[in-house]
Amino acid sequence: MVVPPSKHAVLSLYASMLRTSRSFSSYNFREYFLRRTKSTFREIQQNEQDPAKVSALYNDAVKEHAVLKRSAIVNQLYGGWKLVVEDQKPERTRGVN
Amino acid sequence: MLSRLSGNSVRRAALRASSKSAKGARRAFVQPSGADRASVVDVPANYQDDNLFTPRPDMLGFKLDVPRREGSVLEKARPIYLDMQATTPVDPRVLDAMLPYLTDQYGNPHSRTHAYGWEAEKAVEDARKHIADLIGADPKDIVFTSGATETNNMAIKGVARFHKDKKRHIITLQTEHKCVLDSCRKLQEEGFDVTYLPVQPNGIVSLEELERTIRPDTSLVSIMTVNNETGVIQPMKEIGAIVRKHRGVYLHTDAAQAAGKIPLDVNEMNVDLMSLSGHKLYGPKGVGAAYVRRRPRVRLEPIMSGGGQERGLRSGTLPSFLAVGMGEAARIAAKEMDRDRKRIADLSDRLIQGITSQIDHVIRNGDPNGYPGCVNLSFAYVEGESLLMALKEIALSSGSACTSASLEPSYVLRALGAAEDMAHSSLRFGLGRFTTEAEVDFVVKRLVATVQKLRDMSPLWEMVQEGIDINTINWSQH
């Protein structure tokens, strides 16, 4: 009998994956991983009744979270020029008239 | 940084030299000063001004005619990327899988005697398995190469030259990739007979014509699964069934654009040789794979001679990090294929609906049932290059990247029967896994505005609006 992960564990993994996805510097990767995280966890929610499937999806998500954390760091080191389609926040400099 | 000579020793040497010259008082040539006398001078403070014109990386080759204000926010805004058929960005998860083999696990996969070699070999074999699973093959059939171009060369020249005693005929299409056409041209110079089959106006080859062209001395039929310029998907299962009826004819397909995007199975398609490319699969550039069937065995003459690696077909040290990258990209592609296909189909519909609902006289080149991620549109009465230049904030291409240097219209569009002016004004939109709805909407808005602006300036467009038929005009000079 497979023990499914607790609701708290799933929710905290969801929150930390969203936080990691939001920390990517590149627009395309950020949007993609946000969308993908939401879709994966929507699938977990839809299969609530099947503990084996929920466990499998949860374990995959844990592994992916580790990969995503490292990828986010590498992307922050090397990526991050703003695309034309993003909101251009003008840089505010202090002490300049 | 500079030489470690202390100031004292320099002064002493100078004194010695000067004392000698004072005694002898002979004129001598000036000795060049040593490197320690040089010091790096910083560039002048106003170096980045517009007067001193060096291309900055964010200019992307376009000349600026409007001087940018200081502190302008648009200095560093990059264009959005819609050219996925040229290349795809490396998925961050693929990069994460590659980095260990670029840092600590740098062994040569062919080293049999130590752990560095064993772990690199294990990683390469895992990558081979992932790629084989993507196309429904056995891992032993996969050969790593440096890209789809090398694989195409290896397959076409290799098979043709191996069977050159009895079989001298090769069949290919007019819409194939440049490397395939060039390999065939090289073989023609060696004395082979090559037939370039035409395609129907929708880009798909006629099966009856293919059947009629196969001769008893045909050794190879080479047809690409998904065309890189128009996105047309060839009926590979039917072509495979036709080729199977003739013994001794091998079927090669260039599946660089198809792998990971549409489901492929080498046994269903009855394909003997297949070319795959890493950088079309969200993997790294510089790696590709060849599928070479072992049952029934496909014999070919290798291009690279050497230590007999990769079954003797491609000698050379395997770039383990590139192979691992391609394997991981293939694994992710197999997992994400359904999700990606649905999403790209939605984005493609959004793009086409957005454009055709706001401007007319737009023609889609190629079969509408082709791969949705490659949309090739021609805009009548608009010049292609000026359209591309006006869309500076979007990375697009007209025709394929290999032929973008020449001014000729794309040969693929000409083979599809497009008129010369329509071929010139074609744009290829490449959508991929990472494209967002916001980017598609941005493209639609910019494109519609630009096309309308260019058409307003065009006298041809005025004539069309008045109802004059362009073809009836006699353009002779007086």
Side-chain angles (χ1 to χ4, degrees), chain A residues 17 19-44 46 53 56-57 59-97, chain B residues 56-58 60 69-84 88-100 102-103 282 328 331-332 335-336 338-340 342-344 346-347 391-395 431-446:
Chain A
M17 273 186 95
R19 205 177 321 126
T20 312
S21 305
R22 226 172 273 135
S23 71
F24 271 84
S25 299
S26 301
Y27 168 78
N28 291 97
F29 297 146
R30 189 171 55 232
E31 294 296 309
Y32 173 73
F33 286 118
L34 275 173
R35 223 178 24 236
R36 196 167 176 288
T37 314
K38 290 182 188 154
S39 128
T40 309
F41 280 83
R42 204 175 303 134
E43 206 182 326
I44 289 186
Q46 280 168 352
K53 197 137 189 269
L57 286 169
N59 292 333
D60 282 341
V62 168
K63 283 194 216 105
E64 271 183 28
H65 182 46
V67 169
L68 227 61
K69 269 199 289 210
R70 293 193 296 262
S71 311
I73 295 174
V74 172
N75 191 242
Q76 280 160 13
L77 290 172
Y78 287 103
W81 282 7
K82 281 203 170 296
L83 293 185
V84 284
V85 86
E86 296 185 78
D87 296 324
Q88 311 290 345
K89 285 194 275 284
E91 284 164 38
R92 296 155 63 137
T93 50
R94 289 223 177 93
V96 175
N97 302 40
Chain B
R56 294 196 303 272
D58 58 342
L60 302 159
R69 289 199 311 275
E70 291 284 77
S72 156
V73 126
L74 290 173
E75 266 174 333
K76 286 225 177 276
R78 280 173 75 76
I80 59 178
Y81 189 77
L82 252 82
D83 198 12
M84 296 289 175
T88 53
V90 174
D91 194 313
R93 298 166 282 184
V94 167
L95 182 60
D96 180 72
M98 281 168 60
L99 280 172
L102 279 165
T103 43
Y282 307 95
E328 181 70 13
R331 186 189 71 90
I332 294 177
K335 201 164 70 144
E336 303 278 320
D338 295 326
R339 254 193 264 207
D340 283 346
K342 186 174 170 313
R343 184 176 158 69
I344 290 176
D346 289 339
L347 282 176
L391 292 172
K392 261 189 272 191
E393 288 155 332
I394 307 171
L431 306 167
R433 186 187 288 169
F434 298 109
T435 318
T436 58
E437 281 90 353
E439 288 177 328
V440 169
D441 293 337
F442 184 86
V443 168
V444 167
K445 202 167 65 145
R446 270 314 150 90

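Note that these values count all heavy atoms, side chains included, but never hydrogens, waters or copies made by symmetry. All of these numbers come straight from a predicted model, not from anything done at the bench.
Heavy atoms only, all atoms of each residue included: B/Arg339 and A/Thr40 are closest at NH1-OG1, 3.9 Å. In terms of heavy atoms, B/Pro92 sits closest to A/Phe33 at CG-CE1, 3.7 Å. The nearest pair of heavy atoms linking B/Glu328 to B/Ala97 is CG-CB, 3.7 Å.
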Go through it in stages, so that I can follow the logic: the residues are B/Lys445 and B/Asp441, the test is salt bridge (charged side-chain N to carboxylate O under 4.0 Å, His left out), and I'd like the CA-CA distance, side-chain angles, deciding distance and then a yes or no. CA-CA 6 Å; B/Lys445 202 167 65 145; B/Asp441 293 337; over 6 Å; no
Step-by-step side-chain contact (heavy atoms from CB on, under 4.5 Å) determination, B/Asp346 to B/Glu437
CA-CA 9 Å; B/Asp346 289 339; B/Glu437 281 90 353; over 6 Å; no
Passes side-chain contact (heavy atoms from CB on, under 4.5 Å), B/Ile80 versus A/Tyr27? Steps please. CA-CA 10 Å; B/Ile80 59 178; A/Tyr27 168 78; over 6 Å; no
Query - side-chain contact (heavy atoms from CB on, under 4.5 Å) assessment of A/Asn28 paired with B/Glu439 - result: CA-CA 10 Å; A/Asn28 291 97; B/Glu439 288 177 328; 3.0 Å; yes
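Interface residue B/Lys335: only side-chain heavy atoms are found under 4.5 Å from chain A. Heavy atoms of A/Arg36 lying under 4.5 Å from chain B belong to its backbone as well as its side chain. With a 4.5 angstrom heavy-atom cutoff, B/Arg433 touches chain A via backbone and side-chain atoms both. Using a 4.5 Å cut-off between heavy atoms, B/Leu95 contacts chain A through its side chain alone, with no backbone atom that close. For B/Leu99, the part sitting under 4.5 Å from any heavy atom of chain A is the side chain, from C-beta outward, and nothing else. Neither the backbone nor the side chain of B/Val94 comes within less than 4.5 Å of any heavy atom in chain A.
We find the CG-CD1 distance between A/Leu77 and A/Ile73 to be 8.0 Å, quoted to the nearest 0.5 Å.
Taking the six-membered ring for Trp, B/Tyr282 and B/Phe434 have ring centres closer than 6.0 Å.
For residues 62-70 of chain A, the interface with chain B (any heavy-atom pair closer than 4.5 Å) comprises A/Glu64, A/Val67, A/Arg70, sorted by residue number.
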